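Below you'll find the structure, written out as structure tokens, and then a few comments.
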Amino acid sequence: MPIDATQPYDDDNIFAKILRGEIPSKKVYEDEHALAFHDINPQAPTHILVIPKGRYVSWDDFTAKADDAEIAAFIRAVGKVARDAGLVEPGYRLLANIGPDSHQEVAHLHVHIFAGRKLGPMLAQ
Ligand code: 5GP
């Protein structure tokens with residue numbers, strides 16, 4: 001069910017529960033500002049989600065409200081996760097869904113990292 005990214009942050013979302021350790025995840029990376037873990041329903045051989053630790057609904061919410069240190073740390077974390085997974089040379093794709101038309105389902109900002117095969121056209125036809 002797609003979410004409305006204009007709504008306030010809901011602490012009951014599934015990624016908030018992962019951050020609090022209430023439900024398990026297959027962790028790839030963690031630092032002060034970010035957590036990365038494998039997607040539960042991978043769409044490519046490598047499908048990692050990177051999330052900020054702060055309470056942000058979407059990329060829009062994050063870029064409007066997060067401070068510069070959080071934004072810099074999060075973007076660097078996304079790059080590091082992909083680099084450490086050896087994805088730079090073969091290539092990878094980043095995706096962040098925002099709101100209903102993109103089909104964002106989890107109301108906590110997440111960047112998808114897809115890799116491990118030819119990823120095809122940028123958007124599904
Ligand atoms: P969205 O459509 O919001 O961009 O992507 C949400 C992603 O979260 C989906 O790829 C979905 O498989 C993943 N996901 C949903 N629930 C869980 C969960 O409990 N654990 C993990 N690791 N991934 C989840």
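The model shown is predicted, which means the values in this text are computed figures rather than measured ones. Whatever order the structure lists them in is the order used to number ligands and atoms, beginning at 1. Heads up: numbering here begins at 1 and tracks the sequence.
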Would you mind checking which non-hydrogen protein atom is closest to [atom], with the distance to 0.1 Å?
{"atom": "atom 19 (O) of ligand 1", "result": "I14 CG1, 3.5 Å"}
{"atom": "atom 12 (O) of ligand 1", "result": "D39 OD1, 2.5 Å"}
{"atom": "atom 22 (N) of ligand 1", "result": "H38 O, 2.9 Å"}

If we set the cut-off at 4.0 Å for heavy atoms, which region of [X] has an atom near ligand 1: side chain, backbone, both, or neither?
{"X": "I40", "result": "both"}
{"X": "F114", "result": "neither"}
{"X": "K26", "result": "neither"}

What atoms of ligand 1 come within less than 4.0 Å of a heavy atom belonging to [X]?
{"X": "N97", "answer": "1 (P), 2 (O), 4 (O)"}
{"X": "H103", "answer": "2 (O)"}
{"X": "N41", "answer": "12 (O)"}
{"X": "F15", "answer": "8 (O), 24 (C)"}
{"X": "V106", "answer": "3 (O), 6 (C)"}
{"X": "E105", "answer": "1 (P), 2 (O), 3 (O)"}

Heavy-atom count around K80 NZ within 6.0 Å, excluding the residue itself: above 12? no
Surrounding CZ of R93 (heavy atoms of other residues, nucleotides or ligands, distance under 6.0 Å), is the total greater than 12? yes
Just say parallel, tilted or perpendicular for the rings of H47 and F114, cut-offs at 30° and 60°. tilted
V57 vs Q7, side chain to side chain contact (heavy atoms under 4.5 Å, CB included): CA-CA, chis, key distance, verdict: CA-CA 8 Å; V57 174; Q7 291 300 302; over 6 Å; no
Sub-3.5 Å donor-acceptor pair from the side chain of E30 to the main-chain atoms of E32, do we have one? no
For the backbone of H103 and the side chain of E105, can you confirm whether one donor and one acceptor N or O come within less than 3.5 Å of each other? no
P52: which of H110, E70, H108 passes side chain to side chain contact (heavy atoms under 4.5 Å, CB included): H108
Does any N or O atom in H112 lie less than 3.5 angstrom from one in ligand 1, N or O only? yes
Go through the steps for D61 and L109 under the test side chain to side chain contact (heavy atoms under 4.5 Å, CB included), then give the verdict. CA-CA 8 Å; D61 193 26; L109 169 61; over 6 Å; no
Between Q43, H108, K27, H110, flag the one that comes closest to atom 5 (O) of ligand 1 by a heavy atom. H110
Between I51 and Y56, is a side chain to side chain contact (heavy atoms under 4.5 Å, CB included) present by the stated rule, with each step listed? CA-CA 9 Å; I51 67 174; Y56 302 105; over 6 Å; no
